[in-house]
Amino acid sequence: MAVAVLPEKATHQQTRTFNQQLVLRAIYDRNETSRAELARLTGLTRTSVSALVGELLRDGLIEEVGTGPSTGGKAPILLRVRPDGRHTIGVDLTEPYFAGALVDLRGRIIRSVRLPLHGRDGMAAVDVVMAVIEELANRNGQASLLGIGIGAPGIVNSRDGTIRWGVNLDWANVPLGAMVEERFGLPAVVVNDSQAAAVAEFTFGTPPRPNNMVVVRVGRGIGSGIILGGRLYQGDGAGAGEIGHTIYGAAAPTDSAEPCRCGRVGCLEMTASMHAMVSAAGQLEPEVTDAASLVAALNAGNENVRRIVTEAGHRLGQAIAALISVLNVNLVLLIGAATRLGDVWLNAVRERAATAALPHLTAATRIELGAARDEDDVLIGASALLMTRELGLSLVR
Ligand SMILES: [Zn+2]
């Protein structure tokens, strides 16, 4: 367990909240545990643990679940976190629709909604965010709602909940977190979508993920989330991992190529994303018009499509080699729509990543596919960040 730090001149209330979170997190991490074990795990006295457990039971956050094996005396009563003790509303602002879900404390989805954007942007798109949340909040009742976690594409300052740059939605410096908090009277967290997906993989992935890893998301766009020391690393400007708008070498002919949505030419997103592959393949093979037909043509053995997918995989592999060189992480997970391209794409990524960086660094690094629920990763991860902020849960192992 990582060490959390209490302010030097903590008030009585701060100390109590701190210790309560310490106990709750220990129960959460162990799945089931006893009061005696909690005292050992947290270093608190048995009396303090009993008092704190009593408060958590009264708050409905934990429950007693039978007895564990006796170690000589009376069999200990086991405690666990009640998955439905609190809920969060998770929201994913990836187009062409906004998706929301009611998420329990174990990252499971209870109910979901999605609303089409129909090309709306600016304040009209903010209205769609509010409508998604409203629908879930109304049908849940406020009592068990912990707050709202939102994952959004672009550069997002999650410290103050401001979307600094959301190019497709025409958002610049939109204080979405504050707007949502004011409207619903609940705490809100806003975070970059790929960073949120990385948190979901780290927090709820199986097998348990290591404390250092990078999650690269390849769909319509490309982004990544970096977990270091068991925490999301966001960088000084909250944009850490935004690799999609990096230009690697002379990746594209500059005069004829379609400009990127950031306004420049030759970004990784324009040469290695699903959008880029569909568009390149469509010029040679008219039957390729979207992600599904690209996957179908690849599986049917189309050589042109195979070459385009391999080249795109190589370009992504080069970007991943750079990440490995800077961070020296041993696990890189790939998620998003491109994972449906299977081994042709995955092998191309692995091959280039292994040869474009120092073998001493790449030899120990595994590049794997993430959990197969990429549809929900963003909203589950944003929910997990909210839980961490409000309850001290889950991001610390
Ligand atoms: Zn770009």
Side-chain angles (χ1 to χ4, degrees), residues 92-96 117 119 121-122 125 151-158 162-174 190-198 214-226 233-283 290-291 294 308-309 311-323 325-326 332 334-339 341 345 348-349 352-353 356 374 378:
D92 176 359
L93 304 188
T94 311
E95 298 163 87
L117 260 183
D121 59 15
I155 306 286
V156 182
N157 183 346
S158 62
T162 300
I163 299 189
R164 291 173 52 206
W165 179 72
V167 66
N168 275 9
L169 297 166
D170 196 22
W171 283 351
N173 297 316
V174 174
V190 189
V191 63
N192 168 272
D193 53 357
S194 295
Q195 292 179 354
V214 175
V215 176
V216 180
R217 190 159 165 262
V218 186
R220 165 77 179 75
I222 296 178
S224 72
I226 300 166
Y233 176 75
Q234 295 184 287
D236 290 339
E242 187 67 286
I243 58 173
H245 300 282
T246 308
I247 299 166
Y248 293 88
T254 50
D255 45 353
S256 60
E258 184 189 349
C260 180
R261 48 188 170 171
C262 74
R264 299 175 310 152
V265 170
C267 290
L268 184 67
E269 200 163 290
M270 295 308 288
T271 60
S273 65
M274 277 303 257
H275 171 77
M277 286 183 259
V278 168
S279 145
Q283 285 174 18
D290 56 12
L294 180 78
I308 285 163
V309 167
E311 281 172 9
H314 283 161
R315 291 199 189 93
L316 183 70
Q318 192 155 340
I320 289 175
L323 284 169
S325 299
V326 172
V332 175
L334 303 177
I335 61 169
T339 57
L341 295 165
W345 178 73
V349 175
R352 182 58 59 86
D374 53 63
V378 172

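These values consider heavy atoms only, across backbone and side chains, with no hydrogens, waters or symmetry-generated copies. All ligand and atom numbering here is 1-based and tracks the order in the structure.
Atom OG1 in Thr94 sits 9.5 Å away from atom CG in Leu169 (nearest 0.5 Å). Distance OG1/Thr246 to CD/Gln318: 11.5 Å, rounded to 0.5 Å.
With sequence neighbours left out, the side chain to side chain contact (heavy atoms under 4.5 Å, CB included) criterion links Asp170 to Asp121.
Protein atoms that are N, O or S and lie under 2.8 Å from the Zn ion (ligand 1) are these: His245 ND1, Cys260 SG, Cys262 SG, Cys267 SG.
Enclosure of atom CZ in Arg164 is not indicated, since only 12 or fewer non-hydrogen atoms of other residues, nucleotides or ligands lie within 6.0 angstrom.
The side-chain heavy atoms of Leu117 and Pro96, taken from C-beta on, include no pair separated by under 4.5 Å.
In terms of heavy-atom proximity, Ala272 sits nearest to Arg315 at CB-CB, 4.2 Å.
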